[in-house]
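Right, one structure below, let's go through it.
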Amino acid sequence: MKRYTTFKEIDRDLKYLRLKSQIDLEEVKLGFNHSKEAISETLSPLNLVASTVSSIVKKAFVLKIVDKLIGIKPVKKKEYKD
């Protein structure tokens, strides 16, 4: 623990701690605002639609390539009459 010999040292350290606290608070505010902006950009309707369409196209493309490579055709179901 630090030992102080004058009130001037105490005042200096208190001022330093207050400033550090204010800086930390501003950093938290900046981080919060940055997170809020990132979330609003990610969840915008246009981005949601674009990511959904992109995902569907990628899956369709992969299925088409796998089908070409393996050559498996879907089996047709036969209907049986009673």
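Sequence positions, counted from 1, serve as the residue numbers for this chain. Reckoned from all heavy atoms, side chains included, excluding hydrogens, waters and symmetry mates.
- Shown here are the side-chain hydrogen bond (donor to acceptor under 3.5 Å, both in side chains) partners of Thr52, two or more places apart in sequence or in another chain: there are none.
- Taking both residues in full, the closest heavy atoms of Leu48 and Leu43 are given as CD1-O, 3.7 Å, listed atom of the first, atom of the second, then distance.
- Grouped with Ile56 in a hydrophobic cluster is no other residue, since no side-chain heavy-atom contact under 4.5 Å to another Ile, Leu, Val, Met, Phe, Trp or Tyr is found.
- Rounding to the nearest 0.5 Å gives a distance of 11.5 Å between CD1 of Ile70 and CD1 of Ile65.
- Take Lys2 and apply the side-chain hydrogen bond (donor to acceptor under 3.5 Å, both in side chains) test, not counting sequence neighbours, and it matches Asp13.
- Remark: Lys58 pairs with no residue by the salt bridge (charged side-chain N to carboxylate O under 4.0 Å, His left out) rule, at least two apart or across chains.
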Name each donor-acceptor pair under 3.5 Å that joins a side chain in residues 16-38 to protein atoms two or more places apart or in another chain, with its distance.
from, atom 1, to, atom 2, distance (Å)
Asn33, ND2, Lys29, O, 3.4
Ser35, OG, Gly31, O, 3.0

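- The side-chain hydrogen bond (donor to acceptor under 3.5 Å, both in side chains) test applied to Ser44 returns Asn47, not counting sequence neighbours.
- Under the side chain to side chain contact (heavy atoms under 4.5 Å, CB included) criterion, Val53 pairs with Val49, Val57, not counting sequence neighbours.
- Rounding to the nearest 0.5 Å places CG of Asp11 at 10.5 Å from OH of Tyr4.
- When the side chain to side chain contact (heavy atoms under 4.5 Å, CB included) test is applied to Leu63, no partner is found at least two apart in sequence or on another chain.
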